[in-house]
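Proteins get letters first, then strands, A, B, ... in listed order; numbering begins at 1 in each. Treat the numbers as computed from the prediction; the structure is a model and nothing was measured.
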Amino acid sequence: MNLRFYNTINRKKEDFHSIDKGKVRMYTCGPTVYDFAHIGNYRTFMFEDLLRRYLEFRGYDVTQAMNLTDVDDNTIRRSRERGISLTELTDEFKAAFHADLKTLNIQPAHQYPEATRYIAEMIEMVQNLEDQGYAYKTEDGSIYFNIAKYDNYGKLAHLNPEEMLSGERVTDDSYEKEGARDFALWKGYKAEDGDVHWESPWGKGRPGWHIECSVMSTELLGEHFDIHCGGVDNIFPHHENEIAQSVCATGKEFVNYWLHSEYLLVDNKKMSKSLNNFYTLRDLLDQGHAADAIRWMLITTHYRQKLNFSVNRLGEAARAVARLKMFHERLENYKVDGPESVDNLVADTHIRFQNAMDNDLNISGGLSAVFDLLHKGHRLMDRDLLSQSGAAKVHQLLKTIDHVLGVLEMDSGSDPTVDEVFIESKIEERNTARANKDFAASDAIRDELADLGIELIDTSDGTKWKLK
RNA sequence: GGCGUGGUGCCCAAGUUGGUCUAAGGGAGUGGUUUGCAAAACCAUCAUUCGCCGGUUCGAAUCCGACCCACGCCUCCA
């Protein structure tokens, strides 16, 4: 089966062909670093991680760039509110963002371009657009892109510029623009900007939001690259504007595949700062939820499907991850050498997983193959039928698939500070009690550790413990 | 107003170029095996049914028409 993706610009699934054979260049819109990202934001970054990991699973050499927006209305306003410099503010949340990515086991992008480091290149692109007649200057020293000059404007979002102009919002829109939907490439300096400004051919000011992604993607991935992602809310106006800028500036194709992930919902409403119905990663971790369960929850609903967040779902996710991990551990510790080599089972599982994922990352279909493997593997081990080489093959396949899922190596515990020596001594004490058939004492010790968040599991291989 | 997405068992969810769907998989439940008891695992059970109505067809969750409901974009936003 061919790898296919739903391409927003054509509103249909298309076979994926990279520009350079075997290589994929992808640009993923990153966060504006003025505050902690919430898990709705992370749903998109998680989707992009899944996409990247799956492309790698399929053998592609992937180059990913993710921008960090470190200058815009929000960052400037917030830094002034807090009385700190723009850099102080954005450094804080850049660090928090990278820490969160690590917690969620999201593979780092190869590049994290920051808008403030590409000002010269942005000025150059704006100048280029102005020179070609696509942009005009206004009284306040801003430069706007004239969408009337670009015939294909609205193609990505499927919006008709004519109709956009007729809305009741025209009156709220800015004054100096010629067309209501024209957008700023460069913003002339205003007093509210404080000391945030750069010199330009149009006087001092700062770049518009959209130009940053056009410039940084081009600088790092070339004028024409394979995949551009973001949340569905980026479709319009951000990505639409990027296309207009880039295509007009370079005269070339910009991006081949536009992939967008759906929202994370809370009580069927979009999770957002303005509705104040959001959870940050830190909120959930503080409540005792494990990062691997959060990752699982965000990753296992198809990316173009709205996902309704609930604590209940986190519980389900935690149990599913636990099952996967226990199977993985059981394979590692499996000692019997039975007659079944399971070549067909392994091959079938691999194909089923791949065929499902090839179809626009159908994770549910892929996971059904994985859980079928779990079930059949356990059954064979229960009956001592699985061979050692078979166990090794299943184990290897699980690891290969986990390159995509990325949960096996994650810690399920919420508290890493436990005294292992103490636990081991308690286990020993309990084993002595069990050997003497003093089950009351044995259970008392188990309850004692349970109160500390430690769960004991008796296996044929001895007593194991894990964090609950 | 324009554009768009989704409604499948108790919950989540795949399948939607018609037949292999007598509807995958996960979570929960129920009965059993195993275990000192647990945990995990295994066995069995869990939708004559896919929002509603009508139509096309030998055959529809999948196609057509109407309707109901939920959500989103058209404004900064993952």
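- Both A:Ser442 and A:Met271 lie near RNA chain B, and the one whose nearest nucleotide falls closer to the 5' end is A:Ser442.
- Distances were taken from every side-chain heavy atom of A:Glu455 (C-beta onward) to each of B:A39, B:A78, B:C43; the shortest belongs to B:A39.
- Of the candidates A:Tyr27, A:Phe5, A:Tyr257, A:Tyr27 is the only one forming a ring pair (Phe, Tyr, Trp, His ring centres under 6.0 Å) with A:His228.
- The residue A:Ile363 sits apart from the nucleic acid: no heavy atom pair falls under 4.0 Å.
- Stacking is found between A:Phe439 and the pyrimidine-like six-membered ring of the B:G36 base under the 5.5 Å centre-distance and 30° plane-angle cut-offs.
- The cationic group of A:Lys273 lies under 6.0 Å from the six-membered ring centre of A:Tyr34 and within 45° of the ring axis, placing it in a cation-pi geometry.
- Each of A:Asp443, A:Asp438, A:Asp458 was checked for a side-chain hydrogen bond (donor to acceptor under 3.5 Å, both in side chains) with A:Arg430, and the lone residue meeting it is A:Asp458.
- Between A:Asp49 and A:Arg53 there is a salt bridge, with a side-chain nitrogen of the basic residue lying less than 4.0 Å from a carboxylate oxygen of the acidic one.
- A salt bridge links A:Asp193 and A:Arg206; the closest N-O separation between the charged side-chain nitrogens and carboxylate oxygens is under 4.0 Å.
- For the pair A:Asn268 and A:Phe371, nearest-nucleotide mapping onto RNA chain B gives the more 5' position to A:Phe371.
- Using a 4.0 Å cut-off between charged side-chain N and carboxylate O, A:Glu316 and A:Arg319 make no salt bridge.
- In RNA chain B, stems built from 3 or more consecutive Watson-Crick or G-U wobble pairs, each with both distances under 3.5 Å, span B:1-7 with B:68-74, B:10-12 with B:25-27, B:29-33 with B:41-45, B:53-55 with B:63-65.
- As a whole-Å value, the separation of A:Met357 CE from B:A14 P is 13 Å.
- The A:Arg430 side chain lies nearest to B:G36 when the options are B:G36, B:A13, B:A78.
- Minimum atom distance to the side chain of A:Glu316 is reached by B:G27, of the listed B:G27, B:A14, B:G72.
- Geometrically, A:Arg4 does not engage A:Phe16 in a cation-pi contact defined by less than 6.0 Å to the ring centre and at most 45° from the axis.
- Atom OH in A:Tyr303 sits roughly 13 Å away from atom P in B:A14 (whole-Å rounding).
- Side-chain nitrogen and oxygen atoms of A:His158 include none within less than 4.0 Å of the OP1 or OP2 phosphate oxygen of B:G2.
- Across all strands shown, A:Glu48 has no heavy atoms under 4.0 Å from either base or sugar-phosphate atoms.
- If you check every strand for non-hydrogen atoms under 4.0 Å, A:Arg434 touches a base.
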